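Have a look at the structure below before the remarks.
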Number of protein chains: 2
Amino acid sequence: MTTRRDAVHDTLRRSEGFRSAQDVYAEMRQDGAKIGLTTVYRALQALADGGQVDVLRTDEGESVYRACATDAHHHHLVCRRCGHTVEVAGPAVERWAEAVGGEHGFTEVTHTVEVFGTCASCSSAVRAG
Amino acid sequence: MTTRRDAVHDTLRRSEGFRSAQDVYAEMRQDGAKIGLTTVYRALQALADGGQVDVLRTDEGESVYRACATDAHHHHLVCRRCGHTVEVAGPAVERWAEAVGGEHGFTEVTHTVEVFGTCASCSSAVRAG
DNA sequence: GCGACTTTGACAACCGTTTTCATTTTGTCG
DNA sequence: CGACAAAATGAAAACGGTTGTCAAAGTCGC
C-alpha cells in the first residue's frame with residue numbers, strides 16, 4: 001500500500017525547498033488529507049531510505065526533506081531566507097573529498113556538502129525594503 | 001567566573017574527536033569534577049559562540065563539539081568508527097562554493113563541508129577481526 | 001560583613017522523533 | 001464474494017537531547 005507514501009511524495013514535490021515532517025503533515029491536513037503524523041514520518045523515512053528524497057539536518061537538529069529532480073549524487077544551494085533550493089553538481093568537490101580521505105589513509109569516504117546563501121530575489125528584496 | 005567553562009574546554013581539548021555534551025559531562029564526572037549537565041551545555045554553547053570550539057550535528061541530531069587547533073576556517077575528516085578527526089583545509093572547496101553561489105546569483109555564501117570515512121587503524125582492525 | 005549581581009545545578013518542561021499497540025485496510029486464496 | 005493473514009495506519013505514550021526555571025551558592029565592590 002503506497003497511496004499514503006505517494007501522497008507525501010507529491011506534497012513534497014510541490015514544495016520548492018526543504019520541508020520538515022511537521023511542515024508536510026500540516027500542509028497535508030490543510031489540504032484535507034486524512035493522515036497521521038506517524039505515517040508522515042514513516043513515509044518520509046521510507047522515501048529517504050529508497051533515495052527518492054534527500055534529507056538533511058537543520059542547525060536546530062530538525063530533519064528536512066526534499067524531492068529532488070535527479071537520482072544522481074548532487075549537493076544543494078539553499079537560500080537561507082526563502083528556502084529556495086538549487087541542485088548543483090560538484091565533480092571538483094567529489095574528487096577533493098576522495099583525495100583528502102586518501103591522503104590520510106581513510107577508506108569508504110563519504111561527505112556532506114551544503115551551500116547556503118541569499119538568493120537573488122531575496123537580496124534585492126532586502127535592498128529594496 | 002570562567003573556571004567551569006575552562007574545565008569544559010580542557011576536557012574537550014583532551015579528546016581526539018568530536019564529543020557530545022553528555023560525553024563531556026560523563027567524563028568530567030568520571031574525573032571527579034563537580035559539575036551539572038546544565039552547566040556543561042551552557043559552557044559548550046558559550047565556547048561555540050565564541051568560536052573556541054567547533055560544533056556539528058551527527059546524523060542522529062546530536063550536537064558534538066571539538067576544540068580545534070586552528071581558529072582559521074577549516075573542515076573535518078572524521079572517522080565514523082572511532083571518531084578520530086583530522087582538520088583539513090580545502091581552498092578548492094572554498095572557491096567552488098563561492099563560484100556555485102555566484103553562478104546562481106546567491107550572495108553571502110557560506111557552506112558546510114564534512115568528510116567521513118574509516119581511518120587506517122579502524123579499517124585494518126575490521127580486516128583483522 | 002552586606003547587598004547587588006552572576007553562576008550554578010537539580011528538576012521540570014520542551015519538542016522532534018520513535019515506539020507501542022489496537023484498529024483498519026489490503027492482498028490473496030478458496 | 002467471504003475470510004483470514006500480513007501490512008499499514010494513527011492516537012497516544014515513551015524517548016532522548018536540549019533548554020528553561022528558580023532557588024541556592026558564589027563573587028565582587030564597598
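This structure is a prediction, so every number in the text was calculated from the model and none was measured. Letters go in sequence order (proteins before strands), and every chain restarts at 1.
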- Nearest listed nucleotide, side chain of A/A21, among C/dT17, C/dG9, D/dT18: C/dT17

- Note on the structure: Between A/C119 and B/F106 the two heavy atoms that sit nearest each other are CB-CZ, 3.6 Å

- Task: Could you tell me the separation between the CZ atom of A/R5 and the C1' atom of D/dA7, rounded to a whole number of Å?
- Result: 12 Å

- Task: Round to a whole Å and report the spacing from CG of A/D23 to P of C/dG16.
- Result: 10 Å

- Message: Under a 3.5 Å cutoff, is there a donor and acceptor pairing between the side chains of A/R5 and A/H9?
- Response: no

- Query: What integer distance in Å separates A/L44:CG from D/dA8:C1'?
  - Reply: 16 Å

- Nucleotide D/dT9, atom C1' - distance to CZ of A/R29 in whole Å: 12 Å

- Query: Who pairs with A/H76 by ring pair (Phe, Tyr, Trp, His ring centres under 6.0 Å), at least two apart in sequence or on another chain?
  - Reply: A/F18, A/H74

- Item | side-chain N/O B/T39 vs C/dT8 OP1/OP2, d < 4.0 Å | no

- Rounded to whole angstroms, how far apart are CE on B/M28 and P on C/dT8? 11 Å

Under 3.5 Å, which protein N or O atoms sit close to an N or O of nucleotides 19-22 of chain D? Give each pair with its distance.
residue, atom, partner, partner atom, Å
D/dG20, O6, B/T38, OG1, 3.4

- Item | Heavy-atom pair with the smallest gap, counting every atom of B/G83 and B/T85 | O-OG1, 2.8 Å

- Looking only at non-hydrogen atoms, find the nearest pair between B/C79 and B/T118 and report the distance. SG-CA, 4.1 Å

- Please state how far atom CD in A/Q22 lies from atom P in D/dG10, giving the value in whole angstrom units. 15 Å

- Kindly write out the residues that satisfy side chain to side chain contact (heavy atoms under 4.5 Å, CB included) with A/F116, not counting sequence neighbours, or none if the list is empty. A/V78, A/R80, A/E114, B/T110, B/T112

- Quick one: closest heavy-atom pair of A/V113 and A/H111, and the distance? CG2-CD2, 3.7 Å

- Message: What contact category does B/E60 fall into here, base, sugar-phosphate, or nothing, at under 4.0 angstrom with non-hydrogen atoms?
- Response: nothing

- Provide, to the nearest angstrom, the distance between the CD atom belonging to A/E62 and the C1' atom belonging to C/dG16. 7 Å

- OP1 or OP2 of D/dG17 less than 4.0 angstrom from a side-chain nitrogen or oxygen of B/S20, does that happen here? no

- Note on the structure: Rounded to whole Å, the OH-P distance (A/Y25 to C/dT18) equals 16 Å

